[in-house]
Amino acid sequence: MKILVVGGGGREHAIVMKLAESPKVTQLHCAPGNGGISKYAQCHSVKATDIDGIVALAKDLAVDMVFVAPDDPLVMGMVDALQAAGLRTFGPKKNAAILEGSKVFSKELMQKYHIPTADYHVFGDPKEAESYLKTANNYPTVIKADGLALGKGVVIAQNEEEAFAAISSIMKDRIFGDSGSRIVIEEFLTGPEVSVLCFTDGKTVKPMVSSMDHKRAYDGDEGPNTGGMGTVAPNPYYTPEIAQTCMDTIFLPTIRAMQTEGRPFQGCLYFGLMLTQKGPKVIEYNCRFGDPETQVVLPLLDTDLVDIIQAIESETLDQLDIQWKDGCAACVVMASGGYPKKYATGLPISGLDENGQVPGCLVYHAGTKLDGNHIYTAGGRVLGITAIGDTLADAVASAYQGVKQITFENAHYRNDIGQRALKALS
Ligand code: AMP
Ligand code: GLY
């Protein structure tokens, strides 16, 4: 099979490296890819959001399958366009990707089908939102832009001033464009967070190994939110009992609801969950693999990813027994100094071998560029260093061993990835 992967971050590198293990794969392409991905797939400089460009590239290359990994092209309908051009795909169609593309849609779906989530109200008028907040007067409260906002559309307001400021920047200043024409104001939930990525063909849902993200920039969960500074899998808070509850009250009801609504979801559905005192609740749906969750989940997958992709396509996922490795994985993200705010790019990275790797780890490139024979920084998150171990402590230690071998000027990473999970285990 010739496969084209759309995207160019650490998640896509993990997907490409997993596909490269498959005896069924003969050629790998990636658009746009990055410096590290170019060691495993032929990279093409077409943007991940360029629907016409990706359709043309897939036809030119005569690929057998296009794997659309990022949220924006999925929400924009890239899968529909590829299928209309006669191409085979992995990823949900536009009418299903709306589960991530519109928070209003996802909240209304959960309400209609009694799927546990935070209580909420929807507003299209900032004045009405403000007067609701005046009456409710209950903080912290959570304010979310309806549409995609580069992962920055959620504000946890501690008081009225912060809440009004969020409404103003999202709805009046439109800092996220049309994504802010409506907002969701919802109840603030507390509890451990768990990410569960699931394979689904629209009828059957098969959860992957659970994981835990570390979203804040600095140690001790301090500092601004980021795209994710590290992950571990499995997530120790996610016990078999909780997994069963999630299957019965969240995963299957969501898949069935989408089927009933005439929006069958095929691909990877990501459940962002909070384990509250009143049971697991949905914080968010993502219509795709998570980043950097994929970097700890896919290394633990034993079954050929191509077999899973084909089972989803033929809607026979129920007949496939998906196998996972025992053991744990940890991923430490090395970011550019200053990220998630201003940072420099174009800095040389040292310590990587000719494949962009270090011994004992899987180095997933997120923001790198190959220039001649050398790899340079090219983004906020630069590398994700993943290691597998028999225990979580082993995996974390090995990932940090890998980190220590790599240097670039002003590199920033958290020193406490996995510590919260290790505490939960002790
Ligand atoms: P998102 O951008 O949707 O991933 O949300 C970012 C983060 O905001 C989540 O990972 C949670 O930590 C937090 N969050 C979102 N919704 C809620 C909520 N209703 N209660 C508490 N925290 C929330
Ligand atoms: N790590 C969270 C996400 O992929 O949205």
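Position 1 is the first residue of the sequence, and the numbers go up from there. First listed ligand is number 1; within each ligand, the first listed atom is number 1.
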Subset of ligand 1 atoms that lie under 4.0 Å from at least one heavy atom of [X]:
X	result
Glu193	9 (C), 10 (O), 11 (C), 12 (O)
Ile283	15 (C), 16 (N), 17 (C), 18 (C), 23 (C)
Glu186	16 (N), 17 (C), 18 (C), 19 (N)
Phe188	20 (N), 21 (C)
Lys215	4 (O), 10 (O)
Glu187	18 (C), 19 (N), 20 (N)

**Test side-chain hydrogen bond (donor to acceptor under 3.5 Å, both in side chains) applied to Tyr113 and Arg256, Glu108, Glu261, the passing residue** = Glu261

Using a 4.0 Å cut-off to any heavy atom of [X], which atoms of ligand 2 qualify?
X	result
Glu293	1 (N), 2 (C), 4 (O)
Arg288	3 (C), 4 (O), 5 (O)
Gly290	4 (O)
Asn286	3 (C), 5 (O)

**Request:** Describe, in one word, how the ring planes of Tyr364 and His13 are oriented to each other, choosing from parallel (under 30°), tilted (30 to 60°) and perpendicular (over 60°).
**Result:** perpendicular

Side-chain donor-acceptor pair under 3.5 Å between [X] and [Y], yes or no?
X	Y	value
Thr254	Tyr285	yes
Ser102	Asp146	yes
Tyr139	Glu162	no
Ser22	Asp304	yes

**Asked** Among Lys144, Met274, Glu284, whose heavy atom sits nearest atom 16 (N) of ligand 1?
**Response** Lys144

**Fill in**
Ranking Val154, Ile156, Thr141 by closest non-hydrogen atom to atom 22 (N) of ligand 1, top hit is Ile156

Under a 4.0 Å threshold between the charged nitrogen and the carboxylate oxygen, would [Y] count as salt-bridged to [X]?
X	Y	result
Lys206	Asp318	no
Asp221	Arg414	yes
Lys127	Asp125	no
Arg182	Glu128	no
Lys325	Asp302	yes

**Request:** Check each heavy atom of Arg11 against ligand 2 and say whether those closer than 4.0 Å belong to the side chain, the backbone, both or neither.
**Result:** neither

**Request:** May I ask whether Tyr270 has any heavy atom positioned less than 4.0 angstrom from an atom of ligand 2?
**Result:** yes

**Nearest protein heavy atom with distance in Å, relative to atom 21 (C) of ligand 1** = Leu189 O, 3.1 Å

**Prompt:** For ligand 2, is there an N or O atom under 3.5 Å from any N or O atom of Glu284?
**Reply:** no

**Asked** Does Lys152 have a heavy atom less than 4.0 Å from any atom of ligand 1?
**Response** no

